[in-house]
Amino acid sequence: MLDPRLLRNELESTAEQLARRGFVLDVARLAELETRRKQLQVDLQELQNQRNSRSKEIGKAKAAGQDIQPLLEEVADLGDRLKQAQEDLSSVQQELSQISLGVPNLPQADVPQGEDESDNREERRWGDPPEFAFAPKDHVDLGSAPGWMDFEAAAKLTGSRFVVLSGPLARMHRALIQFMLDMHTTEHGYTEAYVPFMVNADSLYGTGQLPKFGADLFALQGEQEYYLIPTAEVPVTNLVRDVIVDDAYMPRKWVAHTPCFRSEAGSYGKDTRGMIRQHQFEKVELVQAVRPEDSEQALEDLTGHAEAVLQRLGLAYRVVTLCTSDLGFSSAKTYDLEVWLPGQGQYREISSCSNFRDFQARRLKARWRNPQTGKPELLHTLNGSGLAVGRTLVAVMENFQQADGSIRVPEALQPYLGGLQVLE
RNA sequence: GGAGAGAUGGCCGAGCGGCUGAAGGCGCUCCCCUGCUAAGGGAGUAUGGGUUAAAAGCCCAUCGAGGGUUCGAAUCCCUCUCUCUCCGCCA
C-alpha cells in the first residue's frame, strides 16, 4: 500500500510514477472521494465530541442528584445522527481502501522504463555457459532415462505439473537445500526459520498477494480460511506484522526453506515440459527487514547472497533489472537472477530479489523505533530466492551432464552427498 | 474431541456502567540530592488519525477482534480468535 498522503496531497505526480509501470490511477475519483472523506470524518468527530461531552454532563448531573430528563431529551437524536455519519464515512473509507489496496508500488527511479521483459536491463554476467562435445539433453531426458524423475507417476498421484523424484536425484534435491541453508546462515548472517506452510488471509494481504492475486493461490477447504503459501516470503515477512522492532534488533535477516504452492492460473501452456513450472516446488528464501535508509544497499547485498550460491555451484548466470512493466505488484525494484540452461539454450529465472521499501510494511504495520526520533516508523522489507531449489536442480543436471547421461556433482555439493562425485 | 479459566499500556497487575487512556508496582528516560556502590526525592514514559504550512494546542479512536444494549461500555449481552489447565487422542 502506498502512503495515503501521496494519494491525498501528491495525486498527480503519484499517478505519473504509476503510469511508468502501465497502471492507470483514477485521479478524479480519488480526489472526489478524498474530499468527501475529509468532510465526513470531521463531521463524525464533531458529533462524537458532542456525545462525549454531553454524556459527561449527564453523569455529573446524576451524581449531583439533579433531574437528568431534560438533558436526555437534548441528546435524543444524537445517536441516529452518529450512526448515519458513521455509515457514510465507512462506505467512503471502504471504497478508498479498496482502491488503494489495488494500487501497485511506485517503481524506484533507477528502474528502466519498459513494455515487456525484452526491456529488462542486463546488469552483469558471471561464468561461461559450458561447451559440450555432444548435443546436451534437457533435464527431463536426463532424469527420466534412469527413472529418477517421473511425471507420469506424479500425474497419477495428483495431476499435471507435479513431479516425483527418486534415488540420487531426490537426494541431490535435498542436498541443495541443506547446502543453501548452511551458506546463508554461516556466511551471510541469516537466521534460519521454520514456518507454517499454511497462512491466513491477513498474512496474504500483508505481503500483497491478496486481494488482487487470489487466483494464483491454493485455498484450503474447511472451517478455517487457510491458504497454502506461494512462497516463504508470506509467513516470514509476516513475522514483523504488527510489530515495533527495537533498533538493536535491526536489521532482521531470515532464511527459510519451504515448499511453495502456486496454482498459476492463466499460465498454462507455458513451460509445460519438465520441472520449470510446477504447482509445488521448494525454495530457500531470504527475507530482510531493514532501516529505510539501508534498503537500497540491502537489495544489493541480498542479491549478492543469492548469486554466491550460483557461483559456488559453478553455474553461469546473468543479473537483470526488471523494467517497470515487468515489476511485481509490491516491488519498487527487482533483480532477477537467470541461470544458463543448456537444455533450453537460454538464461532462465532462478531467483528474484526485490526491495518493497515501505509498501508491504504499511500493510503489515511493520515498524521499527527510530532512535533519532524515538518514534515508530515503517521499516523496509526485502526478499529474494536463494535459490529456487527445483530450478537449481535442473540447472545442475543440465550444466553438469556428461555424454553418457550421468551427472557430475558440483564440488561444493559433494560433502552433502557423502562425497559422491557423479550421479549415475 | 470433551470440561473449565482467561485475554487490560514495555512487563506485572487493579478496575466490573459515568471526570479511567486507564490506579499501583516494575522497567526505562531526564532532573535533584548524595564525596564511591547502594539508597532517596521529583518529572516524564502507548499507538493510529483529524485540524495545521508546520509545531503547540484541541479533538477523535483504540483495554484480543467484530457486532449489540445504553445519554454514556475496559466494565453488560452475542459471535469469533487466541492462550492456559484437566481429560481423551496422537507424531
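Per chain, numbering begins at 1; letters A, B, ... match sequence-line order. This is a predicted model, so every value here is computed, not measured.
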Visitor: Start at the 5' end of RNA chain B and walk down; is the nucleotide closest to A:Asn49 or to A:Lys375 reached first?
Guide: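 The residue closer to the strand's 5' end, by nearest nucleotide, is A:Lys375.
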Visitor: To the closest 0.5 Å, what do you measure between CD (A:Glu398) and CG (A:Leu393)?
Guide: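 The distance works out to 10.0 Å.
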Visitor: Identify whether any heavy atom of A:Arg5 sits under 4.0 Å from a base atom; if not, whether one sits that close to sugar-phosphate; answer base, sugar-phosphate or nothing.
Guide: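 The answer is nothing, as A:Arg5 stays clear of every strand by at least 4.0 Å.
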Visitor: For atom C1', what is the distance between B:rG17 and B:rA22, given to the nearest Å?
Guide: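 Straight-line distance between the two C1' atoms is 15 Å.
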Visitor: Just checking A:Phe261 against A:Phe281, ring centres under 6.0 Å apart?
Guide: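 No, they do not, as the ring centres are separated by 6.0 Å or more.
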Visitor: Strictly by Watson-Crick or wobble contacts shorter than 3.5 Å, is anything paired with B:rC82, and which nucleotide is it?
Guide: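 Looking at the geometry, B:rC82 pairs with B:rG6.
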Visitor: Please report the distance separating the C1' of B:rG27 from the corresponding atom of B:rG68, rounded so that it comes out in whole Å.
Guide: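 It comes out at 39 Å once rounded to the nearest Å.
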Visitor: Among A:Leu382, A:Thr334, A:Leu327, whose side chain to side chain contact (heavy atoms under 4.5 Å, CB included) with A:Ser354 holds?
Guide: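 Filter result, single survivor: A:Thr334.
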Visitor: Which base, if any, makes a Watson-Crick or G-U wobble pair with B:rA53, both distances under 3.5 Å?
Guide: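 Across any shown strand, B:rA53 pairs with none.
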Visitor: Out of B:rG72, B:rC59, B:rG49, which has the shortest distance to the side chain of A:Arg8?
Guide: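 It is B:rG49.
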Visitor: A:Arg37 has a side chain; which of B:rU47, B:rC71, B:rG50 sits nearest to it?
Guide: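 Selected nucleotide: B:rG50.
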Visitor: Once you round it to whole Å, what is the distance between P of B:rU51 and CD of A:Gln39?
Guide: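 The distance from CD of A:Gln39 to P of B:rU51 comes to 10 Å, rounded to the nearest Å.
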Visitor: Taking A:Asp326 first and then A:Arg21, would you say they form a salt bridge - that is, a charged N and a carboxylate O separated by under 4.0 Å?
Guide: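 Salt bridge: no.
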Visitor: In Watson-Crick or G-U wobble terms, both distances under 3.5 Å, what is the partner of B:rA38?
Guide: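 Pairing partner: none.
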Visitor: Considering only atom P, compute the distance from B:rG13 to B:rC84 and round it to an integer number of Å.
Guide: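 Looking at atom P only, B:rG13 and B:rC84 are 16 Å apart.
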Visitor: Mind calculating the distance between CG (A:Leu7) and P (B:rG49) to the nearest angstrom?
Guide: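 To the nearest whole Å, that distance equals 14 Å.
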Visitor: Distance check, C1' atoms only: B:rG25 and B:rC31, in whole angstrom units.
Guide: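 Per the computed distance, 22 Å lies between those C1' atoms.
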Visitor: Choosing from B:rC82, B:rG48, B:rG72, which nucleotide comes nearest the side chain of A:Ser55?
Guide: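 Nearest listed nucleotide: B:rG72.
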Visitor: Please report the distance, rounded to the nearest Å, between CG in A:Asp67 and P in B:rC71.
Guide: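 Atom CG in A:Asp67 sits about 15 Å away from atom P in B:rC71.
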Visitor: Which letter, B, S or -, goes with each nucleotide of nucleotides 61-68 of chain B from 5' to 3', with contact meaning a protein heavy atom under 4.0 Å?
Guide: S-------
Visitor: For atom P, what is the distance between B:rC19 and B:rU85, given to the nearest Å?
Guide: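 One P to the other, the span is 37 Å.
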Visitor: Determine the Euclidean distance between corresponding C1' atoms of B:rA73 and B:rC78; express it in Å to zero decimal places.
Guide: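 Going atom to atom, C1' in each nucleotide, I get 15 Å.
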Visitor: Taking for each residue the nucleotide of RNA chain B bearing the nearest heavy atom, is the 5' side occupied by A:Lys38 or by A:Arg369?
Guide: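 Between the two, 5'-proximity favours A:Arg369.
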Visitor: Starting at CZ of A:Arg241 and ending at C1' of B:rU81, how long is that distance when rounded to a whole Å?
Guide: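 To the nearest whole Å, that distance equals 13 Å.
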Visitor: Please check if the side chain of A:Glu233 supplies one atom and the backbone of A:Ile229 the other of a donor-acceptor pair under 3.5 Å.
Guide: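 Answer holds: no.
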Visitor: Can you check the A:Leu44 CG to B:rU51 P distance for me, whole Å?
Guide: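 Atom-to-atom, A:Leu44 to B:rU51, this comes out as 13 Å.
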Visitor: With a 3.5 angstrom cut-off on both distances, give the Watson-Crick or G-U wobble partner of B:rG1, or none if there isn't one.
Guide: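 Across all strands, the one nucleotide that pairs with B:rG1 is B:rC87.
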Visitor: Sticking with atom C1', work out how far B:rG15 lies from B:rG24, rounded to a whole angstrom.
Guide: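 Here B:rG15 and B:rG24 have their C1' atoms 11 Å from each other.
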Visitor: Suppose you measure atom C1' in B:rC82 against the same atom in B:rG64; what distance do you get, rounded to whole Å?
Guide: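 Result for the C1' pair: 7 Å, nearest Å.
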Visitor: Please determine, for the side chain of A:Lys60, which listed nucleotide (B:rC71, B:rC19, B:rC59) has the closest atom?
Guide: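 Nearest nucleotide to the side chain: B:rC19.
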Visitor: Going by an N to O cut-off under 4.0 Å, is there a salt bridge joining A:Arg81 and A:Glu46?
Guide: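 So A:Arg81 does not pair with A:Glu46 through a salt bridge.
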Visitor: What is the distance from NZ of A:Lys56 to P of B:rC19, rounded to the nearest Å?
Guide: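 Distance check: A:Lys56 NZ to B:rC19 P gives 8 Å.
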Visitor: Only pairs with both distances under 3.5 Å count, Watson-Crick or wobble alike; so what is the partner of B:rC33 in this structure?
Guide: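 Its partner: none found.
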Visitor: Give A:Lys365 one of three labels, base, sugar-phosphate or nothing, depending on what nucleic acid heavy atoms sit under 4.0 Å from its own.
Guide: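 No contact.
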Visitor: Could you tell me whether A:Arg291 and A:Glu293 make a salt bridge, using a distance below 4.0 angstrom between a side-chain N and a carboxylate O?
Guide: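 Here A:Arg291 does not pair with A:Glu293 in a salt bridge, since their nearest N and O are not under 4.0 Å apart.
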Visitor: Do A:Glu57 and A:Lys60 sit within salt-bridge range, that is, some charged N less than 4.0 Å from a carboxylate O?
Guide: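 So A:Glu57 does not pair with A:Lys60 through a salt bridge.
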Visitor: In whole angstrom, give the distance that lies between atom CG of A:Asn9 and atom P of B:rU52.
Guide: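 Atom-to-atom, A:Asn9 to B:rU52, this comes out as 11 Å.
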Visitor: In whole angstroms, how far is the C1' atom of B:rG72 from the CG atom of A:Leu47?
Guide: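 Rounding to the nearest Å, CG of A:Leu47 and C1' of B:rG72 are 16 Å apart.
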Visitor: Return the pairing partner of B:rG72 with a 3.5 Å limit on both distances, Watson-Crick or G-U wobble; otherwise return none.
Guide: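 Matched B:rG72 with nothing under the 3.5 Å cut-off.
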Visitor: I'd like to know if A:Lys62 reaches the base of B:rG18 with its side chain, counting only an N/O donor and acceptor under 3.5 Å.
Guide: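 Checked by distance alone, the answer is yes.
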Visitor: Any salt bridge between A:Asp271 and A:Arg348, counting N to O under 4.0 Å?
Guide: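 Answer for the salt bridge query: yes.
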Visitor: Look through every strand shown and name the nucleotide pairing with B:rA46 as Watson-Crick or G-U wobble, where both distances are under 3.5 Å.
Guide: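 Pairing partner: B:rU62.
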Visitor: Which label fits A:His188 and A:His305: parallel for a plane angle under 30°, tilted from 30 to 60°, or perpendicular past 60°?
Guide: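 The rings of A:His188 and A:His305 lie parallel, inter-plane angle below 30°.
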